[in-house]
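Input: a single structure, listed below in structure tokens.
Values in this document were obtained by computation on a predicted structure and should not be read as measured data.
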Amino acid sequence: MPVYFFNTMNRRREEFKPLKDGEAKMYTCGPTVYNYAHIGNFRAYIFEDLLRRALKYHGYKVTQVMNLTDVDDKTIRDSQAAGKELTDYTKVYKEAFFNDLKVLKVDPAEHYPAATEHIKEMIGLIKILMGKGFAYQAEDGCIYFSIAKFPAYGKLAKIDMENQQAGVRINTDEYAKDSVADFALWKAWDEADGNIAWDSPWGKGRPGWHIECSAMSMKYLGKTFDIHTGGIDNMFPHHEDEIAQSEAANGCTYVNYWLHCAHLMVDGDKMSKSLGNFYTLRDLEEKGYSGEELRWVLLGTHYRKKLNFTLDACDQARITLMRFRELFLKLLSVENEGDVREEITTMIAGHKKQFGDAIGDDLNISDALAAVFNLLRDSNREFDSGSLTKAEAEAILAQFADFNTVLDVFDLEPEEAEVPADIMTMAEKRQEARKNRDFATADALRDELKDKGWFIEDNPDGWRVKPL
RNA sequence: GGCGUGGUGCCCAAGUGGUCUAAGGGAGUGGUCUGCAAAACCAUUAUUCACCGGUUCGAAUCCGGUCCACGCCUCCA
């Protein structure tokens, strides 16, 4: 079954044709570890997780690289402000980042190269660019990439450099570069860098931001690879610069498919570090939301569409996931003997097909979730009819497990909550009252239990107590 | 100024030339069940897809124009 992606390079939905059959190599722009990542960052990481899981669902072997930017203006600035060594400072946020990924059930990438551990590769790449005449050393000692030497510059962002207004806030006089748009490959050391410096053929200094992605993707994925992902705002200039560096140095196509994820908004406003209106995962965990609930919210909007994040949506996610949980509990309780009826097999297969087609069609999550909800509804209906066999219930649960390899939001083996003895006693007293048709007492006890956080549910064949 | 995205029911949202009198979720309403609830299920809520014009046997889907909202061009996923 073919898989399709919307390729930003051509602004079209295209069939995915990997360089090597059955394998997908992807590179993802990772975090700059100078602070805790916020929920908007995680929107992107969850999109990339969905992408790799969708590829795997369709049988691809995935090799993903995600870089960690642990040296740049911000990490240097903030580590100095904190009075810490750079590596000690970034270590804290690296660890926090991996912990957050775990909470959100983001599958780990195959490689997480850190910029500071690949200085040698970056210098090597800059050497090639210098050798081929694409880069030059300016009077300030920095090495710049000369955009004028790379005519294809702007092909991803569809920017024609001739027509660009010189940025309103750029003071051209401050720069030693030949052209304002030229970007730094290597930054010569200055006092603000403190003790952060590496030796290079061009004097001591540190790499520019863009060069790390080109150098590290080349090392782990090759000169040309299948998929490059990132946030829409990284498209220009960062990804454009990556293309320029890599294609100038290697003389071949850098990436075949570019996938960009839209922004996350909070209550209708753009969220960003500079605006300061952001939630970290910690903030939301403190409010009592689980990783699965947040994952459900971040997963639910198609990646190319702006996602409006609200706490209301998180509350809703809890209720929705509870609906599934209730179904799983019901299915696990089925004991009827018997085979799996043909119609059940057909029903399950139909929903599986819808799900697979949807997730393979540029990650159409809405349609994929529709399939999941359709299975929920049909399963409930079958359960209610009372004819469901244990084998059928297991087949349905197996299908949810299959969906869960992509979604990873369900607990497929939920357990009934432990009910404290005093709560149980009250519930039993209520049943007694109901039996005697003393509904006033029964309802009073039900209200009292509700105040204590427990809910009594009467079923045709009994009753149960569950937490609110 | 340049580049780009989007406007689908009360809300979120899929669908991008015929099976669309438009999927799915939320909310509402009616019903089955229940002592009453809850849960679950059933029914119901867009002859219509921002607006105007065009192409076509046929358009939410293509083309042109208008209006509105938003993003990037500057560190940011």
Q) Within the structure shown, what part of the strands sits under 4.0 Å from H302(A) by heavy-atom distance: base, sugar-phosphate, or nothing? A) sugar-phosphate
Q: Using a 4.0 Å heavy-atom cut-off across all strands, classify I456(A) as base, sugar-phosphate, or nothing.
A: base
Q. Got a donor-acceptor pair under 3.5 Å from the side chain of D443(A) to the base of G35(B)?
A. yes
(Q) In the structure I gave you, are the side-chain heavy atoms of M216(A) and Y27(A) within less than 4.5 Å of one another anywhere? (A) yes
**Q.** Of the listed nucleotides C75(B), A40(B), G71(B), the one nearest the side chain of H263(A)
**A.** G71(B)
Q) Under 4.0 Å between a side-chain N/O of K305(A) and OP1 or OP2 of A14(B), yes or no? A) yes
Q. Can you tell me how far C1' in C49(B) sits from the matching atom in A13(B), rounded to whole Å?
A. 13 Å
Q.
Taking atom types as they are modelled, would you say the side chain of R430(A) forms a donor-acceptor pair with the base of G35(B) within the 3.5 Å cutoff?
A. yes
**Q.** Check: D458(A) side chain, C36(B) base, donor-acceptor under 3.5 Å
**A.** yes
(Q) Between G17(B) and G54(B), how many Å separate the two C1' atoms, rounded to a whole number? (A) 15 Å
Q.
Just verifying a value: how many Å separate H58(A) NE2 and F16(A) CZ, rounded to the nearest 0.5 Å?
A. 12.0 Å
Q. Between F328(A) and F324(A), how do the two ring planes meet: parallel, tilted or perpendicular, split at 30° and 60°?
A. tilted
Q) So what does F439(A) hit on the nucleic acid, given a heavy-atom distance under 4.0 Å: a base, only sugar-phosphate, or nothing? A) base
Q. When we call it a touch if two heavy atoms are under 4.0 Å apart, what does A262(A) touch: a base, just sugar-phosphate, or nothing?
A. base
(Q) According to ring pair (Phe, Tyr, Trp, His ring centres under 6.0 Å), who are the partners of F439(A), at least two apart in sequence or on a separate chain? (A) none
Q: Enter the distance from T63(A):OG1 to K25(A):NZ here, rounded to the nearest 0.5 Å.
A: 4.5 Å
(Q) Looking at K429(A) and E448(A), is there a salt bridge between them, counting it only when a charged N and a carboxylate O are closer than 4.0 Å? (A) no
Q) Taking OP1 and OP2 of G26(B), is either one under 4.0 Å from a side-chain nitrogen or oxygen of R323(A)? A) yes
(Q) Counting only side-chain heavy atoms from C-beta out, which of A38(B), G35(B), C72(B) sits nearest to E457(A)? (A) A38(B)
(Q) Is the phosphate of A77(B) approached by N41(A) (side-chain N or O, under 4.0 Å from OP1 or OP2)? (A) yes
**Q.** Basic-acidic side-chain contact under 4.0 Å: D361(A), R13(A)
**A.** yes
Q. Are the side chains of V255(A) and E247(A) in touch, meaning some heavy atoms are under 4.5 Å apart?
A. no
(Q) Does G40(A) reach a base, just sugar-phosphate, or nothing at all? Heavy atoms under 4.0 Å. (A) base
(Q) Between P on G35(B) and CH2 on W463(A), what's the gap in Å once rounded to a whole number? (A) 17 Å
(Q) Just the rounded figure in Å: distance from P of C72(B) to CG of L156(A). (A) 16 Å
(Q) Judged by each residue's nearest nucleotide on RNA chain B, which is more toward the 5′ side, G300(A) or P237(A)? (A) G300(A)
Q.
Roughly how many Å apart are U16(B) and G6(B), using the P atom of each and rounding to a whole number?
A. 13 Å
Q: Under 4.0 Å between any heavy atoms, over every strand shown, what does L327(A) touch: base, sugar-phosphate, or nothing? Just pick one.
A: nothing
Q.
Once you apply a heavy-atom cut-off of 4.0 Å, does R43(A) come out as touching a base, just sugar-phosphate, or nothing?
A. nothing
Q) What nucleic acid atoms does R377(A) come within less than 4.0 Å of, heavy atoms only: base, sugar-phosphate, or nothing? A) sugar-phosphate
(Q) Using the P atom as the point on both nucleotides, what is the distance between A60(B) and C41(B), in whole Å? (A) 32 Å
Q) Between Y254(A) and W258(A), what is the ring plane arrangement, given parallel below 30°, perpendicular above 60°, and tilted in between? A) tilted
Q.
Using whole Å, what does the distance between atom C1' of nucleotide A13(B) and atom CZ of R304(A) come to?
A. 15 Å
Q.
Taking donor-acceptor contacts at under 3.5 Å, does the side chain of R11(A) reach the base of C3(B)?
A. no
Q) Mind checking whether F183(A) and Y144(A) have ring centres under 6.0 Å apart? A) no
Q | Interatomic distance where CZ belongs to R381(A) and P belongs to A40(B) [whole Å] | A | 14 Å
Q.
Taking Watson-Crick (N1-N3 plus N6-O4 or O6-N4) and G-U wobble (N1-O2, O6-N3), each under 3.5 Å, can you produce the dot-bracket string of RNA chain B? Use [ ] for crossing pairs and | for inter-strand ones.
A. ((((((((.[[[..)..(.....]]]((((((.......))))))....[[[[[..)....]]]]])))))))....
Q: Check the pair K187(A) / D193(A) against salt bridge (Lys or Arg N to Asp or Glu O under 4.0 Å), numbers first and verdict last.
A: CA-CA 10 Å; K187(A) 294 191 172 188; D193(A) 291 343; over 6 Å; no
Q. Expressed as a whole number of Å, how far does the P atom of A23(B) sit from that of A43(B)?
A. 13 Å
Q: Just call it for D72(A): base, sugar-phosphate, or nothing, with non-hydrogen atoms closer than 4.0 Å on any strand.
A: nothing
Q. Between Q354(A) and F6(A), who's closer to the 5' end of RNA chain B by nearest nucleotide?
A. F6(A)
Q. Between A14(B) and N364(A), is there an OP1 or OP2 to side-chain N/O distance shorter than 4.0 Å?
A. no
Q.
Work out how far the P atom of C51(B) is from that of C11(B), and round it to whole angstrom.
A. 15 Å
Q) When rounded to the nearest Å, what value does the distance between C1' atoms of U34(B) and G24(B) take? A) 29 Å
Q.
Tell me the interatomic distance from Y34(A), atom OH, to C75(B), atom P, rounded to whole angstroms.
A. 13 Å
Q. From A40(B), C70(B), C75(B), pick the nucleotide closest to the side chain of K306(A)?
A. C70(B)
**Q.** P spacing across the pair A38(B) / G31(B), given as an integer number of angstrom
**A.** 13 Å
Q) If you check every side-chain atom of S366(A), which of C75(B), A14(B), A40(B) has the closest atom? A) A14(B)
Q) Between atom CD in Q316(A) and atom P in G24(B), what is the gap in whole Å? A) 17 Å
Q.
Could you tell me how far apart Y303(A) (OH) and G71(B) (P) are, to the nearest whole angstrom?
A. 21 Å
Q: Return the value, rounded to whole Å, for the distance between atom CD of E326(A) and atom P of A40(B).
A: 8 Å
